[in-house]
Amino acid sequence: MNDRLKEILKMLPELPGCYIYYNADNEIIYVGKAKILKRRVKSYFNRKHHDSVKVNVLVSQIDHLEYIITNTEVEALILESHLIKKHKPKYNILLKDDKKYPYFLVTDEDFPRILIVRKRNINKLKGRYYGPYTNIGAMHSTLDFLKKIFPLRQCKTPRFKSRPCLYYSIGKCLAPCQGLVSSKEYKAVVHQAELFLSGKQGELLKQLKEQIQKYSDAEQFEKAAKLRDSYLDLTKTLEKQKVVYENTKLNEDIISLAHEDGILVIVIMMIREGRLIDKKDFSYEAEEEDKIEYFETFFKEYYSTLALEFPDRIVSDVLEQVGNKSLYEQWLEVISGKKVKISYGKSAQGKELQKLADKNAAVILNNKKLSKMSKINEDFNLIGSYLKETLHLNNFPYRMECYDISHIQGTNTVASMVVFINGLPKKSEYKKFKIKSTEGKPDDFLSMKEVLTRRLNHLGDKGWDKPDLIIIDGGKGQLSSVMEIVEDMGIKDIDFVSLAKRQEEVFLPHKSESIILPRESGALFLIQRIRDEAHRFAITYHRKLRNKNSIKE
């Protein structure tokens with residue numbers, strides 16, 4: 001820690017606010033918020049090692065910091081989101097999702113139209129937005145239904161000067177361009193369409209019923225018949241929606257998270273007036289240790305940026321892991337202008353709803369995994385052939401194993417073995433090892449020798465299939481030490497390489513020069529993915545072992 005940083009730490013106030021970390025090049029690398037700045041910021045520097053690898057790396061790169069005092073922690077939360085969006089710091093979780101989720105737009109015109117737009121305020125069109133929608137197919141189906149039930153104007157400009165177009169003839173437009181509907185009647189239909197988009201079906205059905213009666217009393221039987229048909233179509237549609245709460249107008253969002261194999265899925269089930277009206281799903285690439293931070297970032301971004309309406313209550317058992325319930329309830333009230341309660345879904349009803357959301361998230365996660373597997377399977381023959389040729393392998397790398405060592409100053413030393421088959425992780429075949437030869441005296445070379453000796457002694461045993469390629473996490477020295485025991489054991493039909501993290505160099509046995517795979521290549525991405533998975537698995541096991549031993553002490 002440099003003198004400049006030490007001086008700033010001494011002057012930190014015991015007030016809420018945001019802190020901004022800079023590296024030596026004066027780049028913003030992290031933005032955070034705190035209820036008490038002094039306590040939060042000092043927590044980064046009063047420990048030699050943090051549980052998170054990312055935090056350890058972040059702290060090592062902090063050169064100086066700035067802070068902004070706010071009146072409340074809620075203000076700090078709002079400011080934090082703004083600063084992260086503005087500066088996109090390297091060590092903050094950033095939701096890398098290039099999708100522009102579509103919305104329904106009810107245009108602000110004399111005779112409004114309903115459009116699907118990819119982002120808000122497109123082409124300077126003003127109006128009221130509803131969404132976002134994550135399923136564009138379902139959105140177009142909804143639009144077709146809206147056009148049938150609520151025959152609003154579809155053309156930007158009239159197609160004919162003296163007669164209505166085909167949309168009027170087939171009952172999908174009221175022809176306001178030809179004066180065939182009054183402004184008052186047209187606006188009433190627009191209002192009904194917006195009630196549908198808002199999920200206020202009970203109010204909508206009540207209005208339609210009253211209007212049908214009104215037309216009947218006035219002996220406008222043709223209008224009453226058309227409206228009755230719309231009412232019946234709408235009723236049939238609503239019957240398909242699952243009734244969650246009987247006789248209630250409660251509006252809730254139920255949120256679930258599912259994560260596996262680097263894929264994170266978040267699902268929002270939307271309940272309006274007691275009915276399940278919509279499901280939104282979002283997916284990202286994220287590591288296991290980052291999933292709660294990803295969820296917290298998503299939660300803030302969704303409700304501050306994407307969501308256009310707020311429920312009365314948000315139910316999610318994941319929010320219990322995020323914590324700060326009171327803070328987020330205050331934040332939601334500030335950005336929505338209404339009270340929004342947060343529930344962890346502990347009641348019987350809450351557990352049932354959470355189970356429904358979890359089931360949807362599990363299905364979506366499985367579909368994402370299948371899609372990813374299909375893509376990798378399609379590409380793996382090319383990637384494998386490229387690796388075989390470029391790395392001068394004797395085998396096609398169908399089965400790859402990677403090993404990593406984890407410890408703190410030689411204590412609780414462990415090793416991990418992860419297995420990828422055809423480019424995909426095979427978690428049921430992962431192995432973990434307690435290292436015995438180096439306890440209390442850190443020696444990664446000797447540790448790697450031990451784990452490889454133990455693993456290779458199992459060649460031919462049940463449950464220990466022979467690998468085509470073994471990847472060592474480390475540089476040339478690490479690989480050389482491993483090759484000593486490989487050659488002593490007389491093993492010649494397995495390929496070995498090592499991957500040095502510094503410049504992502506691949507080293508081959510008995511070769512002084514490394515091989516640099518193209519930065520954007522699928523081959524490098526696959527090897528990095530295997531190496532990172534081995535590192536994650538080793539760190540997780542080491543942390544578990546260390547915590548267990550500290551409890552015993």
Side-chain angles (χ1 to χ4, degrees), residues 1-96 286-287 289-301 303-305 319-335 342 408-409 502 539 543 546-547 550:
M1 188 189 306
N2 60 47
D3 292 339
R4 180 183 179 187
L5 190 54
K6 287 178 181 177
E7 286 301 313
I8 298 172
L9 291 176
K10 288 178 185 177
M11 299 171 65
L12 285 167
E14 295 186 353
L15 294 168
C18 286
Y19 52 94
I20 306 162
Y21 291 151
Y22 292 80
N23 63 13
D25 296 324
N26 206 37
E27 297 171 331
I28 294 176
I29 57 174
Y30 188 80
V31 172
K33 56 123 180 50
K35 186 176 183 179
I36 301 174
L37 280 166
K38 187 172 187 176
R39 187 169 64 194
R40 181 72 183 102
V41 174
K42 282 193 171 182
S43 70
Y44 283 91
F45 302 96
N46 58 16
R47 295 173 61 182
K48 287 185 178 180
H49 296 281
H50 295 268
D51 289 340
S52 168
V53 176
K54 187 178 80 172
V55 174
N56 286 323
V57 176
L58 165 64
V59 172
S60 71
Q61 294 189 18
I62 298 171
D63 179 75
H64 60 282
L65 69 93
E66 292 178 354
Y67 56 87
I68 302 171
I69 296 170
T70 58
N71 289 316
T72 65
E73 191 180 3
V74 175
E75 287 183 11
L77 181 60
I78 294 169
L79 177 60
E80 178 198 39
S81 296
H82 171 74
L83 291 173
I84 290 171
K85 286 175 186 175
K86 180 179 179 181
H87 298 292
K88 295 181 171 54
K90 180 179 179 180
Y91 291 102
N92 283 99
I93 291 291
L94 303 174
L95 301 181
K96 297 176 182 177
E287 295 302 326
E289 62 184 27
D290 294 329
K291 68 180 184 182
I292 300 303
E293 191 176 350
Y294 257 92
F295 181 87
E296 186 175 13
T297 301
F298 168 84
F299 185 83
K300 290 185 287 189
E301 188 162 313
Y303 284 106
S304 65
T305 306
L319 283 168
E320 187 172 12
Q321 298 178 62
V322 173
N324 290 323
K325 178 179 177 180
S326 175
L327 170 64
Y328 278 107
E329 284 181 337
Q330 292 175 57
W331 173 73
L332 286 164
E333 185 173 356
V334 169
I335 64 173
I342 288 176
I408 290 181
Q409 297 179 340
R502 187 175 179 183
I539 286 281
R543 188 179 300 152
R546 191 181 72 209
N547 291 342
S550 66

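Since this is a predicted model, take the numbers as computed values, not measurements. Below, each value reflects all heavy atoms present in this structure, side chains not excepted, and no hydrogens, waters or symmetry copies.
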Interatomic distance, Leu79 atom CG to Ser81 atom OG [nearest 0.5 angstrom]
9.0 Å
Between Pro89 and Ile29, is there a side-chain heavy-atom distance shorter than 4.5 Å?
no
Flag the pair Ile69 / Pro16 as yes when at least one side-chain heavy-atom distance between them is below 4.5 Å, and no otherwise.
no
Using a strict threshold of under 4.0 Å (side-chain N to carboxylate O), is an ion pair present between Glu301 and Lys85?
no
Sub-3.5 Å donor-acceptor pair from the side chain of Asn2 to the main-chain atoms of Leu5, do we have one?
yes
Rounded to the nearest 0.5 Å, what separates atom OG in Ser43 from atom CD1 in Ile36?
11.5 Å
Lys325 side chain to Ile342 main-chain N or O, any donor-acceptor pair under 3.5 Å?
yes
Heavy-atom nearest pair, Ala34 first then Ala76, reads O-CB, 4.4 Å
Just by modelled atom types, is the Asp25 backbone N or O under 3.5 Å from a matching donor or acceptor in the Asn23 side chain?
yes
How about Lys33 and Thr70: do any of their side-chain heavy atoms sit closer than 4.5 Å?
no
Just verifying a value: how many Å separate Ile28 CD1 and Lys86 NZ, rounded to the nearest 0.5 Å?
8.0 Å
Asn324 side-chain N/O to Leu327 backbone N/O, donor-acceptor pair under 3.5 Å:
no
Quick one, Gln330 with Ser326, criterion side-chain hydrogen bond (donor to acceptor under 3.5 Å, both in side chains). Give me CA distance, side-chain angles, the key distance, then yes/no.
CA-CA 6 Å; Gln330 292 175 57; Ser326 175; 3.2 Å; yes
Side chain to side chain, Trp331 and Ile78, heavy atoms closer than 4.5 Å:
yes
Hey, could you give me the CD1/CG distance between Ile84 and Leu94, rounded to the nearest 0.5 Å?
7.5 Å
So does Glu14 pair up with Lys35, basic N to acidic O under 4.0 Å?
no
Does any non-hydrogen side-chain atom of Ile68 lie less than 4.5 Å from one of Leu83?
yes
Please list, chain by chain and in numerical order, all residues satisfying ring pair (Phe, Tyr, Trp, His ring centres under 6.0 Å) with Phe299, sequence neighbours excluded.
Tyr303, Tyr328
Lys54 vs Ile93, test: side-chain contact (heavy atoms from CB on, under 4.5 Å). Steps then yes/no.
CA-CA 11 Å; Lys54 187 178 80 172; Ile93 291 291; 3.9 Å; yes
Starting at NZ of Lys300, measure out to CG of Leu95 and round the result to the nearest 0.5 Å.
10.0 Å
Tyr91 and Val55, any side-chain heavy atoms less than 4.5 Å apart
no
Enumerate the ring-ring contact (aromatic ring centres under 6.0 Å, His included) contacts for residues 2-33, please, sequence neighbours excluded, ordered by first and then second residue.
Tyr19-Tyr21, Tyr19-Tyr44, Tyr21-Tyr44, Tyr22-His64
Atom CD in Glu293, atom CZ in Phe298: separation rounded to 0.5 Å?
15.5 Å
Thr72 versus Glu75: any side-chain heavy-atom pair under 4.5 Å?
yes
Are Leu9 and Leu65 side-chain neighbours, meaning at least one heavy-atom pair lies under 4.5 Å?
yes
